[in-house]
Amino acid sequence: MRLTRKTIGKVIVAAFLLNLVVMGAGAWFAYQEAPPIPDEVVGPDGETIVTGADVQDGKEAFQQYGLMNHGSILGNGAYYGEDYTAETLELKTQHMREYYADAEYGAAYDALDSGEQSRIDALVRDELDTAHDGSGVVEYSAAEAYAHEQVRETYVERYHEGDHDRGVPVGMIDSTEEAESFADFALWTAWFSHTDRPNADHSYTNEWPYQPGAGNDATGSAMIWSVIAMVLLVGAAGAAILLYKSVKLPEPSAEGISVPKPGDVSVFPSQRAALRFVPIAAGLFLAQVLLGGLLAHFYIERAGFFGIEQIFGVHILQLLPFSIAKTWHIDLGILWIASTWLGAGLFLPPLLTGHEPKRQGTYVNVLLGALVTVVVGGMAGIWLGANGYLPGELWWLLGNEGLEYLEVGKVWQFGLLAGFVLWAVLAIRGLKPLLDREPAYGLAHMILYAGGSITLLFVAGFMFTPSTNIAVTEFWRWWVVHMWVEGAFEFFIVAIIGLTLVSMNLLSRRSAEKAVMLQALLVMGTGVIGVSHHYWWIGMPDYWVPIGSVFSTLELLPLIFILYEAIGQYRAMTETSGFPYKLPFMFIVASGIWNFVGAGVLGFFINLPLINYYEHGTYLTVGHAHAAMFGAFGFLALGMVAYMLQLSIDPDRWDGSWLRASFWCWNVGLALMVGVSLLPVGFLQLDVAFTEGYAAARSLEFYNGGLVQTLFWARLPGDTLIIIGTAIYTADLIRKRFVLRQSEDDPSVDDMAVAEGIVGDD
């Protein structure tokens with residue numbers, strides 16, 4: 001079967017419009033179906049216990065003080081602390097039982113016999129498992145009012161006064177009033193997790209979290225669609241292999257072609273400027289992995305780091321709380337990968353076109369300066385905002401917006417958006433000779449579409465404020481987070497790899513265009529709507545369960561293609577001894593393999609609805625995230641760095657031994673981290689969640705268990721290898737900066753070994 005580029009392009013447009021319609025309708029329904037915030041909650045005597053304004057104030061405190069990067073809400077956030085929804089539901093259930101035990105029998109609940117406990121259990125469950133539209137006034141029973149006040153006291157003691165045993169610094173929340181409001185907000189999420197939607201037999205969160213004492217258990221649709229997804233998986237895998245074998249897509253080959261040698265390719269001024277992104281990104285990378293080591297150790301010593309507090313008398317927890325360290329860790333990971341990709345996207349165009357726009361190097365330096373400003377301002381703002389130094393609305397405009405992956409203030413987010421736009425302008429300038437000659441579905445256009453989709457999806461992060469309903473906030477947040485990863489980033493991966501293969505003369509431009517377009521079709525056709533598996537438990541309607549199940553399963557299709565592509569690239573790398581770019585290809589092949597393992601295998605497993613119901617917010621997700629983010633996107637970025645450096649250094653002075661050592665440190669370290677520590681802890685959590693309830697799986701008691709602590713220590717070798725690999729990489733970049741070739745003062749197409757053939761390939 002032969003497909004033309006034009007046909008694939010039309011199908012991509014149709015798929016994009018379908019995505020737009022489905023997700024646009026989903027956005028409208030998100031506002032209509034979000035759990036309502038009641039005007040007020042009153043007790044049995046009519047006294048006001050909490051108002052809608054209190055809940056809104058609590059959400060603002062939750063974001064301002066970075067509590068989403070300490071624990072989680074509705075299962076989303078950090079896994080160091082408890083899940084606030086599950087914990088408050090658990091505490092509410094326990095306190096209600098204590099209230100009725102005292103009222104009915106004048107004794108503590110634990111002192112009652114099994115029959116008496118069963119009677120109270122049924123009373124509490126029936127009281128909580130009721131329906132309410134949430135509008136107007138919610139009436140608490142006396143037991144609920146008592147439980148609400150008890151949870152408030154717990155949260156004030158823990159998050160305002162501090163609890164080092166739990167890893168909570170003193171004064172994490174600045175005032176008692178704000179801590180009480182945070183408790184009100186968390187209890188509101190617990191309320192709509194156990195309260196049934198009007199005219200439905202399940203709660204607003206589709207009965208999540210698992211808490212039988214409150215009437216929460218997995219729904220029938222979770223089971224049905226898990227089975228359907230498993231059947232679909234078998235069919236999808238077979239269809240992917242059949243499609244791959246049926247469509248005539250030439251594989252890269254180094255046999256019988258002229259692969260440009262590094263010494264034959266000149267370096268232009270804009271490329272030297274683009275290389276400056278690399279050491280900046282390396283510094284961010286090194287800081288990220290060092291923070292990652294600290295975060296891993298916080299699970300062992302909640303308020304210390306190998307006992308140094310005993311020496312200096314200061315708990316590192318007070319100086320650098322887990323929430324801020326994790327915020328920086330996540331943001332630095334995104335920033336170093338994005339910075340490297342931005343640099344690569346500006347380095348490749350002259351290689352393909354031999355075209356150097358006027359003052360392009362100067363503009364690239366301007367973009368780099370803007371990036372550094374945003375990074376420094378954003379990281380400083382996170383600390384200042386979380387520590388209460390930014391008054392009024394400045395805490396979320398310049399400081400810490402407090403939403404995982406979108407922590408930096410809105411002003412800095414706008415700076416990143418402006419940076420993406422400037423990058424697109426510079427890419428257009430650099431690719432202009434190709435853009436002028438090729439059709440709208442050409443390879444250069446694909447790069448711009450991929451970069452543009454990253455920019456477009458980032459706009460969703462501006463669709464909410466701290467006063468927006470948490471369910472709607474999460475809807476838009478996942479637009480940015482998941483669609484970046486499963487949509488735009490995957491698109492960018494295949495486009496960059498295609499561009500690189502063309503620059504090496506391993507594929508013709510036409511062949512690369514067809515391959516990129518087909519994979520882009522599969523990515524955009526599955527990954528965008530696939531975001532809906534994040535909507536199952538956050539307060540969105542249950543129709544997302546079948547939609548998310550189907551499209552999450554279909555996300556495996558492009559990953560199988562990427563895996564096959566990685567195998568083809570490995571063959572191209574090894575089929576001839578004279579191929580000069582084996583080291584960059586090692587990273588690109590590793591990226592494809594880790595993408596399949598992390599995003600494909602682990603992603604599919606945790607996205608089965610019935611598994612996800614119990615697994616949501618456990619260490620299985622941590623394993624999936626590390627394997628997919630660093631393994632797929634990180635290794636691609638590092639492969640591009642190896643390619644850029646090899647072209648920019650005189651062949652006689654090129655030494656890839658340090659990069660090769662880093663490569664193996666990273667791969668072995670990541671495999672050890674995921675396989676020896678993260679996944680085993682996750683499976684233990686899954687077992688506890690299924691047998692004892694979700695709150696128990698996220699409790700301090702679980703993390704402090706002997707086997708779990710041993711597994712946390714078992715992470716040390718893997719983390720250490722990753723840190724060593726990053727240190728070697730950073731040191732290697734420093735020494736390579738002194739052996740870079742000089743750029744051409746007056747570049748032309750004749751200076752490029754590959755440009756003339758590519759520009760002329762119609």
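Quick note: residue numbers are just sequence positions, from 1. Since the model is a prediction, treat every value here as computed from it, not as a measurement.
Formation of a donor-acceptor pair under 3.5 Å by the D54 side chain with backbone atoms of T51 is found in this model. When atom types are taken as modelled, the side chain of K410 and the backbone of E401 share no donor-acceptor pair closer than 3.5 angstrom. In this structure, the side chain of H626 does not engage the main chain of G598 through any donor-acceptor pair within 3.5 Å. R698 places a side-chain N or O within donor-acceptor distance of the main-chain N or O of G617, the cut-off being under 3.5 Å. In this structure a side-chain-to-backbone donor-acceptor pair under 3.5 Å is present from Y84 to G71. Of the possible polar contacts, one joining the E615 side chain to the T621 backbone as a donor-acceptor pair under 3.5 Å is found. Checked by atom type and distance alone, the side chain of Q413 pairs as donor or acceptor with a backbone atom of V408 at under 3.5 Å. N469 places a side-chain N or O within 3.5 Å of a backbone atom of P35 that can act as its donor or acceptor partner. A distance-only check finds no donor-acceptor pair linking the side chain of E180 to the backbone of R152 [under 3.5 Å]. Between the side chain of K59 and the backbone N or O of P466 there is at least one donor-acceptor pair closer than 3.5 Å.
Contact check for S221 versus W536: no side-chain heavy atoms found under the 4.5 Å cut-off. Contact annotation: the side chain of D57 never approaches that of D184 to less than 4.5 Å [non-hydrogen atoms, C-beta and beyond]. Side-chain contact between L602 and L620 is absent, with no heavy-atom pair separated by less than 4.5 Å. Within the 4.5 Å cutoff, the side chain of I334 has heavy atoms near those of the M629 side chain. Using a 4.5 Å cut-off on side-chain heavy atoms (C-beta onward), Y155 and T88 make contact. Counting heavy atoms from C-beta outward, P209 and L89 have side chains that approach closer than 4.5 Å. Using a 4.5 Å heavy-atom threshold, the side chains of I470 and W188 count as touching. Side-chain contact between V168 and H70: present, with at least one pair of heavy atoms (C-beta onward) separated by less than 4.5 Å.
Looking at every heavy atom in both residues, V550 comes nearest to L232 through O-CD2, 3.7 Å. Pairing each heavy atom of M540 with each of A471, the nearest pair is CE-CB, 3.8 Å. Y204 approaches P198 most closely through the heavy-atom pair OH-CD, 3.5 Å. Residues H132 and W191 come closest through the heavy atom pair CB-CZ2, 3.9 Å.
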With a 3.5 Å cut-off and sequence neighbours excluded, list the donor-acceptor pairs that the side chains of residues 12-34 form with protein atoms.
unit_1, atom_1, unit_2, atom_2, d
N19, ND2, A15, O, 3.3
N19, ND2, M524, O, 2.6
Y31, OH, W476, NE1, 3.0

Using atom types as modelled, flag every donor-acceptor pair under 3.5 Å from a side chain in residues 603-610 to any protein atom, sequence neighbours excluded.
unit_1, atom_1, unit_2, atom_2, d
N607, ND2, G603, O, 3.0

Worked verdict on H533 versus N612 for side-chain hydrogen bond (donor to acceptor under 3.5 Å, both in side chains): CA-CA 9 Å; H533 68 253; N612 194 257; over 6 Å; no
Working note: E178 + Y65, criterion side-chain hydrogen bond (donor to acceptor under 3.5 Å, both in side chains); need CA distance, chi angles, decisive distance, verdict. CA-CA 10 Å; E178 289 174 305; Y65 296 109; 2.9 Å; yes
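Between the side chains of E207 and T219, no donor-acceptor pair of N or O atoms lies under 3.5 Å. Judged purely by distance below 3.5 Å, without hydrogens or angles, the side chains of T205 and S193 never pair a donor atom with an acceptor atom.
In summary, the aromatic rings of F475 and F464 are positioned with their centroids too far apart to meet the 6.0 Å limit. Checked against the 6.0 Å centroid threshold, F630 and W594 do not count as a close aromatic pair. Ring centroid separation for the pair Y619 and F702 does not come in under the 6.0 Å cut-off.
Residue pairs meeting the salt bridge (charged side-chain N to carboxylate O under 4.0 Å, His left out) criterion with at least one member in residues 64-91, sequence neighbours excluded, are E82-R158, E82-R166, E87-R158.
Contacts of E404 classified as side-chain hydrogen bond (donor to acceptor under 3.5 Å, both in side chains), with partners at least two apart in sequence or in another chain: K326. Contacts of R477 classified as side-chain hydrogen bond (donor to acceptor under 3.5 Å, both in side chains), with partners at least two apart in sequence or in another chain: E474. Qualifying ring-ring contact (aromatic ring centres under 6.0 Å, His included) partners for Y614, counting only residues two or more places apart in sequence or in other chains: Y210, F690.
Within 6.0 Å of CG in D126 there are more than 12 heavy atoms belonging to other residues, nucleotides or ligands. Atom CD of E127 has more than 12 neighbouring heavy atoms from other residues, nucleotides or ligands inside a 6.0 Å radius.
Note that the CG atom of L187 and the OG1 atom of T189 stand 7.5 Å from one another [nearest 0.5 Å]. Atom CD1 in I173 sits 10.5 Å away from atom CZ in F62 (nearest 0.5 Å). If you take CG on L128 and CE on M96, they are separated by 4.5 Å, rounding to the nearest 0.5 Å. To the nearest 0.5 angstrom, I330 atom CD1 is 10.0 Å from L406 atom CG. Put simply, CG on N400 and CH2 on W395 are 7.5 Å apart, with the number rounded to the nearest 0.5 Å. N76 contributes atom CG, which lies 12.0 Å from atom CH2 of W537 (distance to the nearest 0.5 angstrom).
The aromatic rings of Y80 and F322 sit parallel to each other, their planes meeting at less than 30°, with 60° as the upper class boundary.
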